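Structure first, commentary second.
What you see is a predicted model, and the numbers here were worked out from it, not measured in a lab. Numbering of ligands and ligand atoms starts at 1, following listing order.
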Amino acid sequence: LVLEEVPAVGYGDIGGLGEQIELIRDAVELPFLHPDLYREHRLTPPRGVLLYGPPGCGKTLIAKAVAASLGAGGRGEAYFLNIKGPQLLDKYVGETERRIRVIFARAREKAATGVPVVVFFDEMDSLFRTRGSGRSSDVETTVVPQMLAEIDGVDELDNVVVIGATNREDMIDPAILRPGRLDVKIRINRPDAAAAQEILARHLTANLPLDPAELAAHRGDREATAASLRRVVVEALYARNEATAVLEITEAHTVSGASTRVLHLADLTSGAMLAAIVSRAKTASIKDELAGGAGGLSAARLRSAVKTEARQNEEITGATTPEGWARLLGTRTSQILSVRRLGKEST
Ligand code: ADP
């Protein structure tokens, strides 16, 4: 169980998710900041929000920004409880339920002191397997009811907000989404090219060391140079060619049999991937400087980082089980017949 104080993430640090941020602010912040208006309108605020979508696209960032913003609306303090669903599961009978009780007791204790608390459950599907799916009998019979009871108990305290995150919303027990529970569902998608520009604007900024040649080409204008470098990343990443082809998947379809498609980086981009590309280019810049070069972020370093990302993306190379692929691709396990890695290092 991790207890963090006010996280240092603001809505301004999040790119390309303006609409989603507005939805969550309306659902969570408005009732928190204006409880009297809600009482007057007899509008019951939601007890929580479910953020769903592929990994690395900003769900945790948003939850942290909500906590920080609730804190800023009050005394400046807020608590963010970050709970990884699978880490809560324990094979010993009753242990998972005990941990869930401890977490909510802790949240109540903190909230009772007047500090807003965000309880964030990452990979929530691991705790909420649809009942009857036969995957894990303990989760179905005792963990789900325990979680529901805790969430239902939250309304005694206005200071606790539950935010769940998952990339397998089809696995989540519908009981959790009923009114008065996590009844606001917000989809967090992979970024398209425009959103990628906005995300890069948070990671590749004009105040970073920039390659002198690139700067000179833009007459020393740092903003223009950074913007042009961001465009280079987006163009390289969203191109569909051999260099960006990563996976070939064969899927089963009920009506049309099976089909094969090639996935490119563009189909698998995430904020995390964009951040990783910029980090790789920064490392290259540092190494160049240490070797006596001029260093700085450059188009060449960013393009090379995109290429490396195509071969070494953690999310892609980390998926090895059918379950892992289904998570990555956002489909059901039963639909995937085979997955083949493309590129130099494919086996
Ligand atoms: P998720 O919870 O959806 O798996 P995170 O919020 O943990 O993803 O994102 C992981 C990292 O990727 C962040 O710490 C950040 O560096 C980067 N990132 C992801 N999405 C965005 C975004 N929309 N804007 C800026 N950075 C992002």
Side-chain angles (χ1 to χ4, degrees), residues 2 4 6-25 48-69 80-87 118-127 161-169 171-172 182 185-205 208 226 229-230 233-234 237-238 265-283 297 302 305-306 309 312-316 318-319 324 326-330:
V2 197
E4 287 176 32
V6 196
V9 176
Y11 293 119
D13 299 322
I14 305 171
L17 295 171
E19 266 172 50
Q20 289 82 350
I21 288 171
E22 191 178 333
L23 285 174
I24 201 167
R25 294 189 80 165
V49 174
L50 182 73
L51 303 175
Y52 66 103
C57 291
K59 296 184 292 297
T60 311
L61 277 185
I62 289 186
K64 285 184 175 171
V66 166
S69 177
F80 183 74
L81 291 159
N82 194 346
I83 295 124
K84 305 245 177 298
Q87 283 177 12
V118 170
V119 188
F120 179 65
F121 288 97
D122 203 359
E123 294 185 52
M124 201 182 207
D125 48 289
S126 60
L127 299 172
V161 177
V162 180
I163 301 182
T166 180
N167 48 8
R168 294 301 311 274
E169 73 275 12
M171 298 297 293
I172 291 211
L182 305 194
K185 270 177 77 176
I186 302 175
R187 177 158 187 96
I188 312 290
N189 275 324
R190 293 190 186 278
D192 58 13
Q197 289 281 4
E198 287 187 39
I199 295 172
L200 283 170
R202 273 70 183 181
H203 295 276
L204 203 173
T205 46
L208 291 167
L229 291 177
R230 292 196 287 264
V233 176
V234 172
L237 197 57
Y238 285 79
L265 276 179
D267 303 310
L268 299 168
T269 46
S270 61
M273 187 191 277
L274 291 161
I277 288 167
V278 177
S279 297
R280 277 187 209 282
K282 284 179 181 172
T283 308
L297 292 171
L302 288 161
V306 170
E309 191 62 25
Q312 294 183 9
N313 180 272
E314 252 177 66
E315 214 195 310
I316 300 165
R327 269 184 182 284
L328 174 68
L329 305 169

Could you establish whether [X] and ligand 1 come within less than 4.0 Å of each other, counting only heavy atoms on the residue side?
{"X": "Pro55", "result": "yes"}
{"X": "Cys57", "result": "yes"}
{"X": "Leu51", "result": "no"}

In the protein, what heavy atom is nearest to [atom], and what distance, to one decimal place, separates them?
{"atom": "atom 24 (N) of ligand 1", "value": "Gly15 N, 2.9 Å"}
{"atom": "atom 21 (C) of ligand 1", "value": "Leu61 CD1, 3.7 Å"}
{"atom": "atom 2 (O) of ligand 1", "value": "Thr60 OG1, 2.5 Å"}

Would you kindly specify which portion of [X] sits under 4.0 Å from ligand 1, judged on non-hydrogen atoms: side chain, backbone, both or neither?
{"X": "His203", "value": "side chain"}
{"X": "Lys59", "value": "both"}
{"X": "Asp122", "value": "neither"}

Residue pair Leu204 / Arg230: nearest heavy atoms and the distance that separates them
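What the structure gives for the nearest pair is O-NH1, 2.8 Å.
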
Inter-residue atom distance Thr269.OG1 - Asn189.CG, 0.5 Å rounding
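Nearest 0.5 Å value for the OG1-CG distance: 10.5 Å.
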
Between CD1 of Ile83 and CZ of Phe120, what distance do you get to the nearest 0.5 Å?
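CZ of Phe120 is found 9.5 Å from CD1 of Ile83.
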
The test is side-chain contact (heavy atoms from CB on, under 4.5 Å); show your working for Ile172 and Leu182 and say whether it passes.
CA-CA 11 Å; Ile172 291 211; Leu182 305 194; over 6 Å; no

Any side-chain heavy atom of [X] within less than 4.5 Å of one from [Y]?
{"X": "Val66", "Y": "Val49", "result": "no"}
{"X": "Leu268", "Y": "Arg190", "result": "yes"}
{"X": "Ile24", "Y": "Leu51", "result": "yes"}

Report the member of Ala196, Ala275, Ala272 with the shortest heavy-atom distance to atom 12 (O) of ligand 1.
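Selected option, by shortest heavy-atom distance: Ala272.
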
Between Leu274 and His203, does the side-chain contact (heavy atoms from CB on, under 4.5 Å) criterion hold? Intermediate values first, please.
CA-CA 8 Å; Leu274 291 161; His203 295 276; 5.6 Å; no

Can the positive tip of Lys185 be found less than 6.0 Å from the middle of the six-membered ring of Tyr52, inside 45° of the ring normal?
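Cation-pi check for Lys185 and Tyr52: passes.
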
Please identify which atoms of ligand 1 are closer than 4.0 Å to at least one heavy atom of [X].
{"X": "Ile14", "answer": "23 (N), 24 (N)"}
{"X": "Ile199", "answer": "22 (C), 23 (N), 24 (N), 25 (C), 26 (N)"}
{"X": "Leu17", "answer": "23 (N)"}

Before signing off on this row, confirm whether Gly56 and ligand 1 have an N or O atom pair separated by under 3.5 Å.
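The answer is yes, given that Gly56 and ligand 1 share an N or O pair closer than 3.5 Å.
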
Below 3.5 Å, N or O to N or O, backbone or side chain included: is there any such pair between Arg202 and ligand 1?
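No, there is no polar N/O contact under 3.5 Å.
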
